[in-house]
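Taking it in order: structure first as structure tokens, then the write-up.
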Amino acid sequence: MDYLFTPSPTVSVPVLGSTDEFPVHRIYCVGRNYEEHAQEMGHTGREPPFFFMKPADAVLVVQPGSTATLPYPSLTHNLHHEIELVVAIGTGGKEIPVDQAAKHIFGYAVGLDMTRRDLQNDMKKQGRPWCIGKGFDHSAPIGTITPALQAGDIVNAAISLRVNGVERQRSLIAKLIWNVSETIAQLSAAWELQPGDLIYTGTPAGVAAVVPGDVLIATVAGLTTIELKVV
């Protein structure tokens, strides 16, 4: 088959202990999935989960042991960090039962859901989609994927983010309102999950703005830490 122009290369993420890379299909994100973050955003309780998406090429791969550069995006004056556990799907499916969800997980990674908060808030006020606040270039930094069997007790892992050495976010994966298995079940009821899908599972309280020059270090216990500098 001939194409009118050269197709974009497949977006992929490195895998711990392997020369093979994880090809990205879609990026799903879970909104307000920690109670304290929901409260800081003006909501309370165990709301039904809701989802939004980022394009696959929003991925910014952070190589282990290096500091990636995160370009400050256009149109915003309020770029926020949101650290998240990322789930990498290895086996697809539809209407996956909660008790079968773990079988569909290939591995886990540390990720950041970068957000143009001012643009997102403007869209919310107007009742419009807020893709412009979430789905921009480089908005989905991610580290090396650790296969599930090597990730340890991920359910109870600590998650934290430091900016310029000062801790801003800290919680436990166990505090997710909708846990990983429940999230997979809910997503697969709406979309047929595919190998290569990434799920950003939600962020704890403490989201705040970053500016050029800031250095972010994002950690989930048992996974590869990522470090970025905003430029």
Side-chain angles (χ1 to χ4, degrees), residues 6-30 33 51-70 81-94 96 100-114 134-155 157 159 161 173 176 179-188 190-203 216-228:
T6 302
S8 299
T10 299
V11 177
S12 63
V13 182
V15 175
L16 185 68
S18 176
T19 56
D20 294 332
E21 299 229 336
F22 182 91
V24 178
H25 177 246
R26 291 177 179 167
I27 301 174
Y28 298 98
C29 303
V30 188
N33 204 19
F51 309 103
F52 58 92
M53 299 175 72
K54 293 175 182 272
D57 62 1
V59 158
L60 171 62
V61 173
V62 184
Q63 297 292 344
S66 66
T67 302
T69 56
L70 174 63
H81 57 72
E82 298 189 9
I83 184 175
E84 312 211 357
L85 171 70
V86 181
V87 177
I89 297 297
T91 303
K94 295 175 62 177
I96 299 167
Q100 299 296 309
K103 297 179 181 179
H104 294 258
I105 298 172
F106 171 78
Y108 304 94
V110 179
L112 287 167
D113 167 18
M114 301 305 296
K134 289 287 191 178
F136 53 94
D137 296 343
H138 314 299
S139 63
I142 187 172
T144 300
I145 295 172
T146 299
L149 292 177
Q150 301 175 42
D153 186 13
I154 199 70
V155 172
I159 180 171
L161 176 80
I173 302 302
L176 284 167
N179 65 36
V180 169
S181 292
E182 291 170 330
T183 295
I184 290 172
Q186 292 277 356
L187 271 173
S188 68
W191 295 274
E192 182 173 0
L193 295 182
Q194 301 289 339
D197 286 341
L198 297 174
I199 305 171
Y200 281 61
T201 57
T203 195
L216 290 69
I217 298 178
T219 302
V220 174
L223 305 181
T224 302
T225 295
I226 63 173
E227 182 171 325
L228 306 94

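One-based numbering along the sequence shown.
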With heavy-atom distances below 4.5 Å as the criterion, would you say the side chains of D20 and V15 are in contact? no
In the structure I gave you, are the side-chain heavy atoms of I184 and I89 within less than 4.5 Å of one another anywhere? yes
When you measure from the side chain of [X] to the backbone N and O of [Y], does any donor-acceptor pair fall under 3.5 Å?
X: S66; Y: A68; value: no
X: E182; Y: N179; value: yes
X: E84; Y: G202; value: yes
X: D197; Y: H25; value: no
X: K54; Y: K134; value: yes

Which pairs of donor and acceptor atoms, one on a side chain in residues 56-65, lie under 3.5 Å apart (sequence neighbours left out)?
none

[X] [atom1] to [Y] [atom2] distance, which is reported to the nearest 0.5 Å:
X: T146; Y: F106; atom1: OG1; atom2: CZ; value: 9.5 Å
X: T91; Y: H104; atom1: OG1; atom2: NE2; value: 6.5 Å
X: I96; Y: E192; atom1: CD1; atom2: CD; value: 9.0 Å

Problem - Whether Y28 and W191 hold their rings parallel, tilted or perpendicular, with breakpoints at 30° and 60° - result: tilted
In T203, T183, L85, the residue satisfying side chain to side chain contact (heavy atoms under 4.5 Å, CB included) with N33 is T183
In terms of heavy-atom contacts, P141 and L70 come closest through CG-CD1, 4.4 Å
